[in-house]
Colleague: 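One structure coming up, written as structure tokens, with questions to follow.
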Amino acid sequence: MKITDVQERRVSIASDIENAYISFAGMDVSILAITTDTIVDGQPVVGYGFNSNGRYAPSGLLQHRFLPRLMEADPTSLVDTSGSNLDPFRIWQTLMRNEKPGGHGERSVAVGVIDMAIWDIVAKVEEKPLATLLAERFGDGTPDESVPVYAAGGYYYPDSDLSTLQAEMRSYLDAGYTETKMKIGGLPLDKDLRRVEAALEVGGSGDRLAVDANGRFDLETGLAYAHGLSPYGLRWYEEAGDPLDYDLQRVLAENYAEPMATGENLFSHQDVRNLLRYGGIRPDRDILQMDPVLSYGLVEYMRMLDELRLRGISPRVCIPHGGHQFALNIAAGLKLGGNESYPRVFAPFGGFADSTPIENGRVRTSEHPGIGFEDKADLMELFRTELS
Ligand SMILES: [Mg+2]
């Protein structure tokens, strides 16, 4: 088996939303198609990849470093022992040749885009949904039938008032979600608490609403928010401080009894190890949100899960950032705790298969072989238009 072609393009996902740290007005992603010489149903198998939102398109890294490394490698070094399918672990070693340790952003995003396309190919060659392939190879044999998903939104829109926020939250419940998440940290504490109360008027109990500060706070502000948020009994309090400030996370956890969440900006298993060593994570309630695409792909994500396992922590504490079908397949196949979803933004990359609506806060994986992109018409249309 050989890779015969790769195509990469940069695509805008600009929107007028903001979180506490960044505007998404210039946000873009890389999309990638990898074509192979393996024929299934009369067509060469093609795998697709893209990066999760929040980090920019790693086009330069892909075009000048990682895709040439892939294409210049001996094809026999990229396949499994049968020779008839790609080996994501061997490919990862090839991609990371001559890369120094440490300093994980943002080459980790470029490698993650390739890794997504490779897993799409591997599952398509086996003619199985990726979730099934993962459960059979690395899990207990059967994927979860459906995965809990929550609607991430509640951004700071220009000119938005509380009724706009409430209408947004209501639309998620109407669409089948039972849990939502909103941004905090973009306004002073008292105004943010008014927004939280407005969202709770729509969503009901606090354990169905999470809040996300996107790493904005210093310790003092993080503690003030912890104190202010505590009475609401929220689903979780996300990324209060800088993602790499493990001691800040530890002190906050000591001062906030409710669940906390972090990890979407940790891009290596070494960073996750440090979070587990020093971040005061409480496995009985806290949520870990590492994003398999932003952090060197599923190959590295499995090393992160190993770090958890070594400490007796269940993968059910993981609810990945990203909101796409790749993370959903991983959540179902490796039995994680859930998956993020962005019903209003980042189309067509966000969201799941056309055949799998959100029902009672859960979504199934597509029955289509691979990641299931062929079961998502808007995304396939974009791939076809941009990558031909
Ligand atoms: Mg977040």
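No experiment lies behind these values; they were computed from the predicted model shown. Whatever order the structure lists ligands and atoms in, that order sets their numbers, starting from 1.
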Colleague: Restricting to N, O or S atoms, which atom of Glu238 is closest to the Mg ion (ligand 1)?
Modeller: OE2

Colleague: Determine which of the N, O or S atoms in Glu264 is closest to the Mg ion (ligand 1) and give its atom name.
Modeller: OE1

Colleague: Asp291 side chain to Glu264 main-chain N or O, any donor-acceptor pair under 3.5 Å?
Modeller: no

Colleague: Just checking Arg208: does its CZ atom have more than 12 heavy atoms from other residues, nucleotides or ligands closer to it than 6.0 angstrom?
Modeller: no

Colleague: Determine whether Thr178 and Arg362 make a side-chain contact, defined as any pair of heavy atoms from C-beta on separated by less than 4.5 Å.
Modeller: no

Colleague: Please examine the side chains of Leu305 and Phe138, heavy atoms only from C-beta on, and report whether any two atoms are closer than 4.5 Å.
Modeller: no

Colleague: Need the atom name: nearest N/O/S atom of Asp212 to the Mg ion (ligand 1).
Modeller: OD2

